Colleague: 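The following block contains the structure, expressed as structure tokens.
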Amino acid sequence: MGQLVTFQCPECCSYWVLEGETLAPITVYRARAEESDDASKPAADRRIYLPFWVAEVDAAELAAKIAGAVDDLRSAAQAVIRAGYEGESARKLPASSEIEHLEGRLRSLGTLRIYVPAFKSLNTYAYLKVGRLLTRIQPSFEVDRSDGAGHAILCALKAGEAAAIMDFIFIATLPESIQASGDFLEKIRLVPARPPRLVEFPFRERGASLVSVIGGFWISGRLVEGVESLVE
């Protein structure tokens, strides 16, 4: 199986994921695309499905955590100012307008979904780049349970590994003024409200690019290893 951590039984078509030295059952989902499949589409415009771990975070709880972190930093900054080091403290605080905008957006969402790419890639930056795009867009979609015969899920990332990098993907969506505040970022840790789901999202292969059917963005096909194995 190489780098893959998922497997589909050829007899019953059920899905399994590596857990230590054994296989554990897993449910795989597919995001439902609005467009219809067209068998007449040219080879240069074929559909492929890329796997993502989707973690749901309580957005209101995260907004409250962010507000608390900023309050703590401001209190610490005031103490530093009183000690005569105002210039030093100013560098530790993110811009108030950006924080207020972020808190407002989170409260309007209800649920924040973090998308962690699970496909194989020779370029590890792909996980941040592609995950950031979907996480920033927060697209609406429905899912169907994936149980197609002979359709292996080319997943190279376990759920625990995805959880370990979801903070970085969320941070990558933030404005630079917030990213520059290391003291603030140290206080922010995302906690999934429930175990992440493995969901395949549809992309169209167009030349050297992959265009997301859900979200409308495009990425370089070179970011995904083994694209030819994913074409349907």
Side-chain angles (χ1 to χ4, degrees), residues 29-34 50-78 89-118 124-143 157-203 212-219:
Y29 299 91
R30 272 197 173 186
R32 191 182 308 152
E34 294 293 335
L50 299 183
F52 289 77
W53 287 103
V54 182
E56 296 185 346
V57 175
D58 185 318
E61 182 178 305
L62 178 58
K65 183 184 295 185
I66 288 172
V70 172
D71 286 344
D72 289 346
L73 284 176
R74 285 174 179 160
S75 296
Q78 289 300 317
S89 66
R91 294 202 299 268
K92 299 178 182 178
L93 289 171
S96 297
S97 59
E98 296 286 9
I99 289 294
E100 291 171 2
H101 177 75
L102 175 59
E103 289 180 30
R105 181 169 184 265
L106 288 173
R107 291 193 173 96
S108 69
L109 286 175
T111 298
L112 172 70
R113 293 189 177 95
I114 306 296
Y115 298 84
V116 182
T124 53
Y125 178 66
Y127 293 105
L128 274 183
K129 180 176 182 179
V130 184
R132 177 187 63 195
L133 288 169
L134 270 174
T135 300
R136 181 177 290 168
I137 295 170
Q138 291 291 299
S140 298
F141 62 92
E142 300 292 332
V143 296
L157 202 66
K158 298 179 183 179
E161 295 168 328
I165 63 175
M166 61 184 291
D167 286 353
F168 297 99
I169 289 177
F170 172 67
I171 289 170
T173 69
L174 301 178
E176 290 184 3
S177 68
I178 298 180
Q179 292 184 27
S181 177
D183 291 341
F184 169 76
L185 297 180
E186 285 181 359
K187 295 178 176 292
I188 303 303
R189 292 293 180 271
L190 274 60
V191 179
R194 56 189 59 83
R197 295 189 296 178
L198 186 58
V199 182
E200 291 188 301
F201 285 86
F203 286 74
S212 176
V213 175
I214 297 175
F217 63 89
W218 67 271
I219 61 173

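Side chains are part of it too, since the values below use all heavy atoms of this structure and drop only hydrogens, waters and symmetry mates. Values in this document were obtained by computation on a predicted structure and should not be read as measured data.
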Colleague: Using modelled atom types only, decide if a donor and an acceptor are shared between the side chain of Lys65 and the backbone of Leu190 within a distance under 3.5 Å.
Modeller: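 Checked: no pair found.
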
Colleague: Between Glu103 and Arg107, is a salt bridge (charged side-chain N to carboxylate O under 4.0 Å, His left out) present by the stated rule, with each step listed?
Modeller: CA-CA 6 Å; Glu103 289 180 30; Arg107 291 193 173 96; 3.3 Å; yes

Colleague: Can you tell me how far CD1 of Ile66 sits from CG of Leu106, rounded to the nearest 0.5 angstrom?
Modeller: 5.0 Å

Colleague: Contact between Phe170 and Val57 at the side-chain level, heavy atoms closer than 4.5 Å - yes or no?
Modeller: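 Contact flag for Phe170/Val57 side chains = no.
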
Colleague: One pair to check against side-chain contact (heavy atoms from CB on, under 4.5 Å): Phe184 and Ile99. What are the steps and the verdict?
Modeller: CA-CA 11 Å; Phe184 169 76; Ile99 289 294; 3.9 Å; yes

Colleague: Please evaluate residues Tyr115 and Val130 with respect to the criterion side-chain contact (heavy atoms from CB on, under 4.5 Å), reporting the C-alpha separation (whole Å), side-chain torsions for both, the decisive distance (0.1 Å), and the verdict.
Modeller: CA-CA 8 Å; Tyr115 298 84; Val130 184; over 6 Å; no

Colleague: Roughly how far, to the nearest 0.5 Å, is CG of Leu128 from CD1 of Ile165?
Modeller: 7.0 Å

Colleague: Do the ring planes of Phe141 and Phe201 sit parallel (below 30°), tilted (30 to 60°) or perpendicular (above 60°)?
Modeller: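 Correct class here is perpendicular.
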
Colleague: Please round to the nearest 0.5 Å and tell me the distance separating atom OG of Ser212 and atom CG of Leu133.
Modeller: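 CG of Leu133 is found 9.0 Å from OG of Ser212.
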
Colleague: Are the side chain of Ser181 and the backbone N or O of Ile178 linked by a donor-acceptor pair below 3.5 Å?
Modeller: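 Not at all, since once roles are kept as given, no pair shorter than 3.5 Å links the two residues.
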
Colleague: Where is the tightest heavy-atom contact between Trp53 and Pro196, given as atom of each residue plus distance?
Modeller: CZ3-O, 3.7 Å

Colleague: Using a cut-off of 6.0 Å, state whether more than 12 heavy atoms not belonging to Glu161 lie near its atom CD.
Modeller: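 Yes.
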
Colleague: Taking all heavy atoms of Gln138 and all of Arg113, pick out the closest pair and write down the distance.
Modeller: NE2-O, 2.6 Å

Colleague: Specify the closest pair of heavy atoms between Leu198 and Ala118, including all atoms of both residues, with the distance to one decimal.
Modeller: CD1-CB, 4.4 Å

Colleague: Do the side chains of Met166 and Pro192 get nearer than 4.5 Å, heavy atoms only?
Modeller: yes

Colleague: Which heavy atom of Pro139 sits nearest to which heavy atom of Ile214, and what is that distance?
Modeller: CB-CG2, 3.6 Å

Colleague: Could you check if a side-chain atom of Leu62 sits within less than 4.5 angstrom of a side-chain atom of Ile188, using non-hydrogen atoms only?
Modeller: yes

Colleague: Which atom names give the shortest non-hydrogen contact between Ala59 and Leu112, and what distance separates them?
Modeller: CB-N, 4.0 Å

Colleague: Nearest 0.5 Å, please: how far is CD1 in Ile169 from CZ in Arg136?
Modeller: 12.5 Å

Colleague: Below 4.5 Å, heavy atoms only, C-beta onward: do Phe217 and Phe203 meet side chain to side chain?
Modeller: yes

Colleague: So which atom in Gln179 and which in Ala172 form the shortest heavy-atom distance, rounded to 0.1 Å?
Modeller: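 Result for this residue pair: NE2-O, 3.6 Å.
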
